[in-house]
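Nothing fancy with the numbering, it's 1 onward along the sequence. Note that these values count all heavy atoms, side chains included, but never hydrogens, waters or copies made by symmetry.
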Amino acid sequence: MHVIVIGGGIGGLALAQGLRKAGVSVAVYERDSGPASRWEGYRIHIDPAGARSLRACLPENLWQAFLATCGPGGDFGFVTEGLRELVVVEESIAYPAVSDPAEGHYAADRPTLRRLLRAGLGDVVRFGAEFTRYEHTADGRVAAVFADGSRAVGDVLVGADGASSRVRRQRLPQARSVSAGAVGMAHKIWLTEEITGLVPERLLTGMNIVMVDQRCFMFTSVFTPPPGAAEALAEADGGPEPASLKRPYLLCALVAHPDVLPQGVTELTGDALARVVDTLIADWSPDLRRLLARADPESLGAISFNASEPVPAWASGNVTVLGDAVHTMPPIGGLGGNTALRDARLLTRMLTAAHRGERELVPAIAAYEEQMREYGYAAVRSALAEKDQVLANTGAFGQIMLRTWFRICAKVGPLRRRTFRQGFAHSAPRAWETETPGSRENEPVTTGV
Ligand SMILES: Cc1cc2nc3c(=O)[nH]c(=O)nc-3n(C[C@H](O)[C@H](O)[C@H](O)COP(=O)(O)OP(=O)(O)OC[C@H]3O[C@@H](n4cnc5c(N)ncnc54)[C@H](O)[C@@H]3O)c2cc1C
């Protein structure tokens, strides 16, 4: 069996790693002209669902390299626009302490993660391959057609080509992705001694939300590479030691309702975008404004968030989709990449079972799609609900009430646990994820998943 994967992002590469590990032939076709042809420098939060999937899909040396290059996930704090602490939700509430690293949560550097996911796949990933459409061959296989007119034929085609997926448009024309009613404006700030002196310790730890009485909020998260991270990455893929893995940085993303933003904000970059952000946070802590003024200019960008509408069950075939291609969601809550990784693991398992003759191919894909629709659309709903909560027009009185509640939660542990525990439930293991690699992962899959 040969599997064609369109898109070498987080989900597509994890699938390729999983399939290769299981001995299934795979090729990834990526539109980018090369590994570092596009800037993508922010931190990404990997929750236990993502970590579990990485451990299952990656060979042991790359899984160890992942652990060696990640920073701590950290606690989750809520602060005022004056950067006064309201409540800090400890890691133990979000992700109960476990000894298994695959049940942990991590701050990963996105370019590092993609480099690790590409490691060892030099003969599998083809860059500069822009997919345009697919067609079925006379013998029921599937051919991908690329912009340069070339074709690639396989037994299965997987669309892992992100939010604007062409595979999805052809495979599921009924699927719609609509505006989520939020725009994110991201900044990456390298943390020097001078800069760390500007903000309170809380902002230099884990993840935080700056809450305000407006239809916007700021998400911050720090990435602190552990000692030896650059060396571990270089050893894992034989590439250079990246300077970017030797110093910490802060991601600050201002998320706002489109109503409070000027028209065409997503077209802005550099100084023009910085001015929009500075106007929005004019009444916030002057130190925070100074901090944002020091952002890496290359990092400044605004993205309009979209969300997939759930699609009722469709008739399965040998073309399927994973990740943002089928369940795009606003990154509020950090579920999109983790859900793409979950898809990669489940689809690896199903395709491996078909490859080994333990299941028919199309029913195996159908079993993947059934589960994926359930947890994937649940993640979209959860991200939208969180977005509605944090962008709600609470008004001054509502904001006072909320802050008072958060301050009470800060003092009363059981209340804090009760209030925030549910927010992280998405990453709890599903039945098919509880087996450790080496147990059912490598055994015949004959029923269910
Ligand atoms: C600012 C920001 C912060 C985020 N933070 C988090 C986080 O902390 N945690 C989390 O879980 N998620 C996070 N996300 C979401 C996460 O990045 C996505 O959900 C994830 O990247 C989806 O993975 P994917 O493989 O499905 O798609 P992508 O990563 O988008 O990969 C798709 C790939 O397909 C390629 N492609 C597209 N079209 C074609 C074509 N026609 N032919 C060939 N190749 C093509 C693209 O070049 C790309 O490489 C964040 C998103 C943003 C924007």
**Q** Applying ring-ring contact (aromatic ring centres under 6.0 Å, His included), which residue pairs with at least one partner in residues 287-310 are found, sequence neighbours left out?
**A** none

**Q** Test of understanding: with side-chain contact (heavy atoms from CB on, under 4.5 Å), list the residues that count as partners of Asp296, not counting sequence neighbours.
**A** Trp190, Glu298, Ser299

**Q** Any donor and acceptor pair, going by atom type alone, linking the side chain of Lys21 with main-chain N or O of Ala56 inside 3.5 Å?
**A** yes

**Q** Does one side chain, of Asn338 or His426, offer a donor that lies under 3.5 Å from an acceptor on the other?
**A** no

**Q** Could you list the residues that satisfy side-chain hydrogen bond (donor to acceptor under 3.5 Å, both in side chains) with Glu309, not counting sequence neighbours?
**A** Arg176

**Q** Considering residues at least two apart in sequence or located in another chain, which fulfil the ring-ring contact (aromatic ring centres under 6.0 Å, His included) criterion with Tyr42?
**A** Trp39

**Q** Find the distance between CG (Leu292) and CG (Asp287) and round it off to the nearest 0.5 Å.
**A** 11.0 Å

**Q** Restricting to pairs with a member in residues 62-78, which pass side-chain hydrogen bond (donor to acceptor under 3.5 Å, both in side chains), not counting sequence neighbours?
**A** Glu60-Gln64

**Q** Treating Arg171 as the side-chain partner and Val158 as the backbone partner, does any N or O pair qualify as donor plus acceptor under 3.5 Å?
**A** no

**Q** Test of understanding: with side-chain contact (heavy atoms from CB on, under 4.5 Å), list the residues that count as partners of Ala65, not counting sequence neighbours.
**A** Leu116, Ala236

**Q** Going by ring-ring contact (aromatic ring centres under 6.0 Å, His included), name the pairs with one or both residues in residues 207-233, residues two or more places apart or in two chains.
**A** Phe223-Tyr249

**Q** Using the side-chain contact (heavy atoms from CB on, under 4.5 Å) criterion, which residues pair with Ser382? Sequence neighbours excluded.
**A** Leu335

**Q** Glu370 side chain to Ala313 main-chain N or O, any donor-acceptor pair under 3.5 Å?
**A** no

**Q** Taking the basic N atoms (NZ, or NE/NH1/NH2) and the acidic carboxylate oxygens, is any pair closer than 4.0 Å for Arg275 and Asp278?
**A** no

**Q** Run the side-chain hydrogen bond (donor to acceptor under 3.5 Å, both in side chains) test against Arg115 and tell me which residues pass, sequence neighbours left out.
**A** Asp237

**Q** Below 4.5 Å, heavy atoms only, C-beta onward: do Leu261 and Leu280 meet side chain to side chain?
**A** yes

**Q** Search all heavy atoms of Thr328 against all heavy atoms of Val380 and return the closest pair with its distance.
**A** O-CG2, 3.6 Å

**Q** Output yes when Glu81 and Arg403 qualify as a salt bridge under the 4.0 Å nitrogen-oxygen rule, no when they do not.
**A** yes

**Q** Could you pull out all residues at least two apart from Arg118 that satisfy salt bridge (Lys or Arg N to Asp or Glu O under 4.0 Å)?
**A** none

**Q** Report yes if some heavy atom in the side chain of Arg407 is under 4.5 Å from a heavy atom in the side chain of Leu86; otherwise report no.
**A** yes

**Q** Using the test ring-ring contact (aromatic ring centres under 6.0 Å, His included), find all partners of Tyr106 that sit at least two apart in sequence or belong to another chain.
**A** Phe66

**Q** Between Arg202 and Glu85 (salt bridge meaning N to carboxylate O under 4.0 Å), is one present in this structure?
**A** no

**Q** Who passes ring-ring contact (aromatic ring centres under 6.0 Å, His included) against His105, sequence neighbours left out?
**A** His45, Tyr95

